[in-house]
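All remarks here apply to the structure that follows.
Letters go in sequence order (proteins before strands), and every chain restarts at 1.
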Protein chains: 2
Amino acid sequence: MEVSGISTIKDVAKYTGLSIATISKYINGGNVLEENRRMIQEAIDVLDYRRNEIARGLKTNKTMTIGVLLPSLENIFFTSIVSIIEGILQQKGYGTIICDFKEDPTLERKKLEFLLNKHVDGIIMVSYSKEKEHIQALLDKKIPIILLDRMIKGLECDIVLADNLNASYQAVEELIIRKHRRIGIICGPDHTYTAEERKKGYVRVHHDYDVTIDDKLIRNGDYTVESGYQALVDLWKMEHPPSSILVTNYEMTIGAIMAVNDLNIRIPDDLSLIGFDNIQMAKVVRPPLSIVEQPMKEIGETAAKLMLKRLNNDYGDFPEVYRLKTNVHIKESVSTNI
Amino acid sequence: MEVSGISTIKDVAKYTGLSIATISKYINGGNVLEENRRMIQEAIDVLDYRRNEIARGLKTNKTMTIGVLLPSLENIFFTSIVSIIEGILQQKGYGTIICDFKEDPTLERKKLEFLLNKHVDGIIMVSYSKEKEHIQALLDKKIPIILLDRMIKGLECDIVLADNLNASYQAVEELIIRKHRRIGIICGPDHTYTAEERKKGYVRVHHDYDVTIDDKLIRNGDYTVESGYQALVDLWKMEHPPSSILVTNYEMTIGAIMAVNDLNIRIPDDLSLIGFDNIQMAKVVRPPLSIVEQPMKEIGETAAKLMLKRLNNDYGDFPEVYRLKTNVHIKESVSTNI
DNA sequence: TTGTAAGCGTTATCAC
DNA sequence: GTGATAACGCTTACAA
């Protein structure tokens with residue numbers, strides 16, 4: 001017997017001669033006579049019946065889907081996190097609906113709206129928006145939201161992110177330990193959470209080691225390849241260029257390396273360099289690049305598990321803030337300053 | 001008036017004093033008295049009503065979601081494609097449920113099953129499986145499937161992929177034109193569609209230019225970084241090493257570059273090198289790496305539009321096969337052989 | 001253990 | 001133009 005189309009409980013009921021309720025009970029693990037058990041299972045196999053989660057959701061008021069809203073799907077930092085999240089949620093029966101807002105706050109709003117219309121059971125998101133109202137509105141509606149990667153001031157919300165401040169603190173510390181005293185930093189745009197945190201770390205470690213800061217060594221990029229390139233050129237062309245530079249995201253790191261190549265700067269003889277985020281790339285450039293590595297896997301795991309907890313209606317410790325530790329890998333691109 | 005929870009048509013009906021049917025009609029663009037129009041819209045705004053797509057799907061037998069099943073979310077080639085697909089589908093109201101099978105054929109089956117249980121309206125997938133039965137089963141059920149990146153022999157299915165054969169043909173052609181006669185190639189695993197196609201291109205262009213092939217110059221990796229590294233080392237340690245090498249995917253390209261660095265091979269003086277897929281990385285290594293670039297954007301666009309067409313029940317020209325052209329970017333990593 | 005029937009939020013078909 | 005009402009596939013009391 002072959003099937004056309006998709007079969008329902010009704011079909012299984014017809015096939016077995018039992019009632020819909022009995023089939024439903026069997027499916028949900030209830031007690032059914034051994035004989036009926038066999039018949040039902042046979043019917044299910046033959047008809048290739050699969051429970052319609054949609055109809056089920058109508059009853060249970062769940063869609064068994066989680067929305068994941070990201071600035072970009074072309075950024076390995078985010079997609080690695082999604083990969084982990086998807087795997088964990090899937091094991092619990094949740095589908096992951098992905099939305100990429102192309103780093104455009106307007107699109108962010110639109111896609112958030114879209115996810116709501118899809119009635120996702122929860123949302124995990126990286127927000128670029130400075131406002132908090134739209135997110136607060138969701139919290140008020142008791143829709144579980146988990147923020148990733150950046151904080152929004154004054155918003156009481158679960159959040160999972162890297163310890164950005166100590167990430168740059170430790171990276172710069174490695175440079176200071178190696179006798180560097182003029183340390184450049186290529187920051188992200190002002191008023192951006194991660195950028196501000198990373199700058200704070202730079203400042204704090206200077207204070208802790210009692211090293212004077214030359215403000216001219218602090219450059220703002222905008223997290224793009226081009227801005228990283230330009231910032232490195234600017235730093236290099238200074239009257240007193242730095243002996244080492246920390247670049248604070250992946251794209252700008254790429255730009256900085258391109259500039260280093262174009263300017264024929266010898267790493268680490270002329271300049272020590274520490275980049276951000278992409279371990280794989282760090283291995284292929286020469287000499288091997290020192291890198292600040294964010295704990296993508298841990299971020300994803302933590303976020304997924306926290307989401308599961310909230311879905312389970314466990315709001316203990318709300319809001320929870322996980323600030324996960326980064327790793328600094330010092331490679332040959334950093335030398336001791338003479 | 002503030003809302004708690006989520007409101008339904010019923011709530012809007014109560015608020016306005018009209019019937020559910022009328023509200024539904026308004027929502028779906030039917031004719032309603034101007035006065036009622038206003039009232040209803042007001043109610044919708046106040047109550048923040050949004051149509052429950054789940055309930056709607058129960059009626060229309062659509063979930064307005066598309067499953068995207070991929071080998072990996074840590075591969076920029078795939079995620080760039082997803083980014084495009086998601087954008088296009090979203091504009092038409094479709095959510096994109098993503099599944100990453102971690103390059104594990106068992107997981108592939110499981111997650112495909114998962115997507116079916118979620119009753120997605122269509123599936124776009126990159127399959128690693130050699131069997132075709134499970135996909136054929138879906139086609140029989142009239143669930144739109146679009147295959148990406150690789151063909152499955154003997155399966156009548158819509159498919160969108162890069163012209164892998166001519167990709168390697170053209171890359172090797174560039175080397176032959178530059179007087180290279182011993183050209184190494186680091187292939188993917190045998191019996192893998194893309195790998196076989198890329199090898200065919202290598203062979204064909206040799207024939208077309210009447211260049212003898214030394215089988216020892218053809219190495220099989222398994223598309224991992226490590227295998228790329230090892231294959232390059234092996235090629236280099238040959239009695240008569242090649243004067244140029246084509247590496248046929250991104251991961252192996254990374255491995256090859258690492259080997260080049262470790263062996264202190266001068267590019268392009270000692271060896272000309274062409275890699276695959278990641279344009280951004282090609283810019284940061286030194287000298288700039290020549291690259292075969294696959295048309296990710298076009299692949300995503302084509303797949304999404306074809307899916308939309310099938311969802312629209314337009315099965316004209318089924319099955320359609322799009323074999324999209326790649327680009328070879330020759331940079332300083334390739335020199336003319338002396 | 002099994003079956004009946006109500007209800008989840010929509011849409012669609014009828015009367016009115 | 002509007003409003004009952006049945007139906008979509010499922011879960012879940014409750015009755016048998």
* Asked: Can you tell me if the side-chain N/O atoms of A:Thr22 get under 4.0 Å from OP1 or OP2 in C:dG3?
  -> yes
* Asked: Does A:Ser7 use its side chain to pair, donor to acceptor, with the backbone of A:Leu47 at less than 3.5 Å?
  -> yes
* **Distance in angstrom units between A:Met64 CE and C:dC8 P, rounded** => 21 Å
* Asked: Whole Å only: how far is the NE2 atom of A:His119 from the P atom of C:dG9?
  -> 10 Å
* More than 12 heavy atoms from other groups under 6.0 Å of CD on A:Glu35 -> no
* Starting at NZ of A:Lys118 and ending at C1' of C:dG9, how long is that distance when rounded to a whole Å? -> 15 Å
* List for me each residue that meets ring-ring contact (aromatic ring centres under 6.0 Å, His included) alongside B:Tyr322, sequence neighbours excluded, and say none if there are none. => none
* To do: Take A:Ala21 and B:Asn36, find for each the nucleotide of DNA chain D with the closest heavy atom, and name the residue whose nucleotide sits nearer the 5' end.
  => B:Asn36
* Structure fact -> Rounded to whole Å, CG of B:Leu58 lies from P of C:dT10 at a distance of 12 Å
* Structure fact -> At a 4.0 Å cut-off to heavy atoms of chain A, the contacted part of DNA chain D spans D:dG9 to D:dT12
* Asked: What integer distance in Å separates B:Leu47:CG from C:dG9:P?
  -> 14 Å
* **Short N-O contact, B:Lys110 and B:Asp104, less than 4.0 angstrom** => no
* Relative to the 5' end of DNA chain D, which residue comes earlier, B:Ser19 or A:Arg51, by the nucleotide with the nearest heavy atom? -> B:Ser19
* To do: Kindly write out the residues that satisfy side-chain contact (heavy atoms from CB on, under 4.5 Å) with A:Ser129, not counting sequence neighbours, or none if the list is empty.
  => A:Glu108, A:Ser127, A:Glu131, A:His134
* Side chains of A:Pro144 and A:Tyr315: closer than 4.5 Å at any heavy-atom pair? -> yes
* To do: Name all residues meeting the salt bridge (charged side-chain N to carboxylate O under 4.0 Å, His left out) criterion together with B:Asp45; count only those two or more places apart in sequence or in a different chain, and write none if there are none.
  => none
* **Rounded distance in Å - CD1 (B:Ile23) to P (C:dT10)** => 11 Å
* Take atom CZ of B:Arg56 and atom C1' of C:dC8, then tell me their distance rounded to the nearest Å. => 17 Å
* Structure fact -> Tightest non-hydrogen contact, residues A:Glu53 and B:Lys118, listed as OE2-NZ, 3.4 Å
* Grab the CD1-P distance between A:Ile20 and C:dA6 for me, whole Å please. => 14 Å
* Any residue meeting ring-ring contact (aromatic ring centres under 6.0 Å, His included) with B:Tyr26, in chain and number order, not counting sequence neighbours -> none
* Contact list for DNA chain D against residues 24-35 of chain A - heavy-atom distance below 4.0 Å -> A:Ser24, A:Asn28
* Asked: So what does B:Leu18 hit on the nucleic acid, given a heavy-atom distance under 4.0 Å: a base, only sugar-phosphate, or nothing?
  -> sugar-phosphate
